[in-house]
K.L.:
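This is the structure I want to talk about, given as structure tokens.
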Amino acid sequence: VVSSVSPGVVHQCEKRDLGVAGNAHRGSPPRLATFTHPTFRYNTDARSVSFAFTLCEMAFRIPTQNDVPSTGFWGTATAVHQFCEPKYKTSHYVAEFYNSLSSFVYVFAAVYVLSRREARADPMIVINALAVTIIGLGSVAFHGTMLFEFELCDEVPMLVYISLAMLNKLGCHPMLLTRARCVVFASLVVSACALTIAVYAKYAVYEFFVASFTALVLLDTALALTWRSKQRVTTWAVYMSMACILLGKILWECEVRLCS
């Protein structure tokens, strides 16, 4: 019990002959251990100190999957990518309660966009808002079950969404003004998206999905940087969106690298 406090405390106990084990074999009860503080001195039972340290650890330590059941209502997790939140810690029916709950942010954002009359007047904005809604609902299902089939409901809409972002530039980007260029570009984007989805769904290699999605994002960013709008608000939105994507990528990498 005493050793769970700290090596320094154990050393002081042994030095002053206050060890619990040493008193036990002589049949005498444990004596009080004296601890020195810079401003005052107080006596306390070493077992009480150990209990206090245990309470602090329980209060401030981040829980891991070893602290909770590995399975719940949806069974064993089959998703190819796992997150830090322990499975079924909060609810027996939701694998990752807080990850699932926070995914509704996507739905709220899409509902806000669709609530604006000027946004609903543009079909492409409506389609993109619906895509964001599907991403949010898919993310809720993914984190709620941690099953691969529902993981696809989250990640496949992400691929479709970034593809739509590039298709939005048809007829607007200086390099995509002619019909022939638009047809070729649209065919390449749709083919790349469909091929990525088919390969990922068949082989379930998460690194392939990440690499493909990153490549599409970089291509969309390159197109944005090679075109400057005459409207300042559009230029501001372009750079703000790139900043948000970069920040999200940094936070995501921190979560992945520091999860253990």
Side-chain angles (χ1 to χ4, degrees), residues 83 98-140 142-143 153-194 196-197 209-258:
F83 295 83
Y98 292 104
N99 276 342
S100 183
L101 182 64
S102 61
S103 297
F104 280 105
V105 171
Y106 294 98
V107 180
F108 296 152
V111 171
Y112 172 76
V113 171
L114 293 176
S115 67
R116 309 297 295 269
R117 179 180 302 178
E118 60 272 21
R120 296 196 302 270
D122 190 330
M124 292 305 296
I125 294 180
V126 173
I127 292 175
N128 278 269
L130 293 177
V132 172
T133 303
I134 296 174
I135 291 175
L137 296 177
S139 182
V140 171
F142 169 35
H143 290 289
C153 295
D154 174 33
E155 294 162 351
V156 168
M158 291 172 59
L159 293 169
V160 174
Y161 179 73
I162 193 63
S163 299
L164 287 174
M166 288 189 288
L167 293 178
N168 283 339
K169 298 175 176 59
L170 295 175
C172 300
H173 194 279
M175 299 173 58
L176 301 172
L177 296 179
T178 64
R179 177 173 297 183
R181 289 186 176 183
C182 288
V183 170
V184 172
F185 181 77
S187 300
L188 291 176
V189 171
V190 173
S191 299
C193 180
T196 300
I197 294 173
F209 162 75
V210 173
S212 301
F213 181 77
T214 302
L216 292 174
V217 171
L218 292 177
L219 177 58
D220 184 58
T221 303
L223 290 174
L225 292 176
T226 55
W227 172 48
R228 182 176 297 273
S229 175
K230 295 181 180 180
Q231 297 180 344
R232 294 181 59 184
V233 64
T234 303
T235 302
W236 175 87
V238 169
Y239 287 108
M240 181 58 67
S241 63
M242 289 190 293
C244 290
I245 292 175
L246 180 60
L247 177 60
K249 176 64 174 177
I250 293 175
L251 295 177
W252 185 83
E253 288 292 340
C254 289
E255 193 270 346
V256 171
R257 308 303 179 198
L258 302 178

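In what follows, residues are counted from 1 in the order of the sequence shown.
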K.L.:
Decide if atom CH2 of Trp252 counts as having more than 12 heavy atoms of other residues, nucleotides or ligands within a radius under 6.0 Å.
P.N.:
yes
K.L.:
Could you pull out the closest heavy-atom pair between Ser100 and Val140, with the gap in Å?
P.N.:
OG-O, 3.1 Å
K.L.:
State, to 0.1 Å, how close Phe213 and Met158 come at their nearest heavy-atom pair, and which atoms those are.
P.N.:
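Looking at all heavy atoms of both residues, the closest pair is CE1-O, 3.5 Å.
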K.L.:
Write down the atom of Ala121, the atom of Pro123, and the distance for their closest heavy-atom approach.
P.N.:
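Taking every non-hydrogen atom into account, O-CD, 3.5 Å.
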K.L.:
What distance separates Ile135 CD1 from Glu155 CD, expressed to the nearest 0.5 Å?
P.N.:
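Output value for this atom pair is 11.0 Å.
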K.L.:
Tell me which one of Leu176, Leu177, Val189 satisfies side chain to side chain contact (heavy atoms under 4.5 Å, CB included) with Leu170.
P.N.:
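Per the side chain to side chain contact (heavy atoms under 4.5 Å, CB included) rule, the option paired with Leu170 is Leu176, out of Leu176, Leu177, Val189.
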K.L.:
Do Phe142 and Phe83 have side-chain heavy atoms sitting under 4.5 Å apart?
P.N.:
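Yes, their side chains come closer than 4.5 Å.
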K.L.:
Judged by atom type as modelled, is there a donor-acceptor pair below 3.5 Å linking the side chain of Ser139 to the main-chain atoms of Gly136?
P.N.:
no
K.L.:
Could you tell me the separation between the CD1 atom of Ile162 and the OG atom of Ser212, rounded to the nearest 0.5 Å?
P.N.:
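OG of Ser212 is found 12.5 Å from CD1 of Ile162.
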K.L.:
Roughly how far, to the nearest 0.5 Å, is CD1 of Ile245 from CE of Met240?
P.N.:
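These two atoms lie 12.5 Å from each other.
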K.L.:
So among Val126, Asn128, Ile127, Val132, which one has a side chain to side chain contact (heavy atoms under 4.5 Å, CB included) with Leu130?
P.N.:
Val126
K.L.:
Using a 6.0 Å cut-off, check whether atom CZ of Arg116 has over 12 heavy atoms from anything other than its own residue.
P.N.:
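Not more than 12 within 6.0 Å, no.
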K.L.:
Rounded to the nearest 0.5 Å, how far does OG of Ser241 lie from CG of Leu246?
P.N.:
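That separation rounds to 11.5 Å.
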K.L.:
Do Thr226 and His173 come close enough that some side-chain heavy atom pair is under 4.5 Å?
P.N.:
yes
K.L.:
Does any part of the side chain of Leu216, heavy atoms only, come nearer than 4.5 Å to the side chain of Asp220, both counted from C-beta?
P.N.:
no
K.L.:
Hey, does Leu225 have a side-chain heavy atom less than 4.5 Å from the side chain of Met242?
P.N.:
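Yes, at least one pair of side-chain atoms sits under 4.5 Å.
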K.L.:
Taking Ser103's backbone N and O only, do any of them form a donor-acceptor pair with His143's side chain (distance below 3.5 Å, no angle check)?
P.N.:
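Pair absent, no side-chain N/O of His143 close to backbone of Ser103.
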K.L.:
Is any side-chain heavy atom of Tyr161 less than 4.5 Å from a side-chain heavy atom of Ile134?
P.N.:
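Side chain of Tyr161 against side chain of Ile134, heavy atoms only: no contact under 4.5 Å found.
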K.L.:
Side-chain contact, heavy-atom cut-off 4.5 Å: Phe185 with Met175?
P.N.:
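They are not in contact (no side-chain heavy atoms under 4.5 Å apart), so the answer is no.
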K.L.:
Under the 3.5 angstrom rule, does the side chain of Thr133 hit a backbone N or O of Val107 as a donor-acceptor pair?
P.N.:
no
K.L.:
Kindly check if the number of other-residue, nucleotide or ligand heavy atoms within 6.0 Å of CD (Gln231) is above 12?
P.N.:
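No, not enclosed.
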